[in-house]
Number of protein chains: 2
Amino acid sequence: MASTAALLEAISSPRRREILRLVWSRERTAGEIREAMPDVTFGAVSQQLKVLAEAGLVVVRSESRSRIYKANQEAFGELGRMLERMWEDKLWDLKLAAELEQTRRGPRPVPKKTGKG
Amino acid sequence: MASTAALLEAISSPRRREILRLVWSRERTAGEIREAMPDVTFGAVSQQLKVLAEAGLVVVRSESRSRIYKANQEAFGELGRMLERMWEDKLWDLKLAAELEQTRRGPRPVPKKTGKG
DNA sequence: AATATAGTTTAGTTACAACTAAAGTATAAG
DNA sequence: CTTATACTTTAGTTGTAACTAAACTATATT
């Protein structure tokens, strides 16, 4: 198990918690994870995945061109159950969205043009 | 109990965890808390106490010129027990010191002159 | 009223996390 | 070998948390 402090640091970020939820009970490719958060670039997602991987909170494997991520539930100890309960909350999505908005850093992504040209 | 997310945010800071440990099982004045962390100014401590108080994680009362703080243990739910276990760790002090060094912001305090002038 | 003590608040500084854009890497397929 | 897909990494930007120094508030003491 990771040190409690390292764990607390890693899960203090709403963005990383969002990723953790996605890969908590099943594997997902980096691309699938990115699709679930269209407000950030692929690079941003990849960087947070790296943080989580280096903290030992997710495991990765390669398959063909894909990188497949999965939470390392055992690393979370009891905090895992806390997070699960948090995610069961019906208002979770709303709360997360508010947090992401509040803790956002760096420039906003340039909106992609959708046709019209 | 505070929202899990607010809780996670509050305890993600090593400095705030240090404060919480001090006021976890007994009351302490702001001055006593400050004495326990001579590497920062009184203002810095006061500001973090305010953050914790606004998150509902500590309670304050005034007595004479002192402001007396105490952790609101009930607000922590199961996380409280996690923190307690972390603090029981014999290496806790060392680990915390390393974290404080790593997450430090702002200018360093100007060392007080000790005589010699 | 003046001074001391105990703390809070405000204004300004700094380091860094979280981002973007673009370049780079790896695998697959024509 | 070239092009496409699926990422990761690097270089640069921005917002803000954590600080300092100093001004301020409140209570107690002389």
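All chains are named by letter (A, B, ...) in the order of the sequence lines, taking the proteins before the strands, and each is independently numbered beginning at 1.
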[X] versus [Y]: any side-chain heavy-atom pair under 4.5 Å?
{"X": "B:Arg16", "Y": "B:Leu57", "answer": "no"}
{"X": "A:Glu78", "Y": "A:Met82", "answer": "no"}
{"X": "A:Arg34", "Y": "A:Arg28", "answer": "no"}

Round to the nearest Å and state the distance from [X] atom [atom1] to [N] atom [atom2].
{"X": "A:Glu63", "N": "D:dA6", "atom1": "CD", "atom2": "C1'", "answer": "13 Å"}
{"X": "B:Glu9", "N": "C:dA18", "atom1": "CD", "atom2": "C1'", "answer": "14 Å"}
{"X": "A:Leu52", "N": "C:dA18", "atom1": "CG", "atom2": "P", "answer": "10 Å"}
{"X": "A:Ile11", "N": "C:dA17", "atom1": "CD1", "atom2": "P", "answer": "17 Å"}
{"X": "A:Arg61", "N": "C:dA26", "atom1": "CZ", "atom2": "C1'", "answer": "17 Å"}
{"X": "A:Gln48", "N": "C:dA17", "atom1": "CD", "atom2": "P", "answer": "10 Å"}
{"X": "B:Met37", "N": "D:dT20", "atom1": "CE", "atom2": "P", "answer": "12 Å"}

For [X] and [N], is the shortest distance between a side-chain N/O and OP1 or OP2 below 4.0 Å?
{"X": "A:Arg16", "N": "C:dA18", "value": "yes"}
{"X": "A:Arg34", "N": "D:dC7", "value": "no"}
{"X": "B:Thr41", "N": "D:dT20", "value": "yes"}

Residue whose closest nucleotide on DNA chain C lies nearer the 5' end, A:Ser12 versus A:Ser64 |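 Its nearest nucleotide being more 5', the pick is A:Ser12.
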How would nucleotides 4-11 of chain C be written as a contact map, 5' to 3', with B for base contact, S for sugar-phosphate-only contact and - for no contact, using protein heavy atoms under 4.0 Å?
-> BBSSBBB-
Go through the steps to decide whether A:Glu18 and A:Arg15 satisfy the test salt bridge (Lys or Arg N to Asp or Glu O under 4.0 Å), and finish with yes or no.
-> CA-CA 5 Å; A:Glu18 193 186 10; A:Arg15 182 73 64 196; 3.3 Å; yes
Nucleotide of D:dT20, C:dA18, D:dT27 approaching B:Val40 most closely (side-chain heavy atoms) |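 Of all the options, the side chain of B:Val40 is nearest to D:dT20.
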Hey, could you give me the [atom1]/[atom2] distance between [X] and [Y], rounded to the nearest 0.5 Å?
{"X": "A:Leu79", "Y": "B:Thr4", "atom1": "CG", "atom2": "OG1", "value": "10.0 Å"}
{"X": "A:Leu7", "Y": "A:Phe76", "atom1": "CG", "atom2": "CZ", "value": "6.0 Å"}
{"X": "A:Glu27", "Y": "A:Lys70", "atom1": "CD", "atom2": "NZ", "value": "7.0 Å"}

Looking at every strand, decide which applies to A:Ser62 at a 4.0 Å heavy-atom threshold: base, sugar-phosphate, or nothing.
->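 Result for A:Ser62 = nothing.
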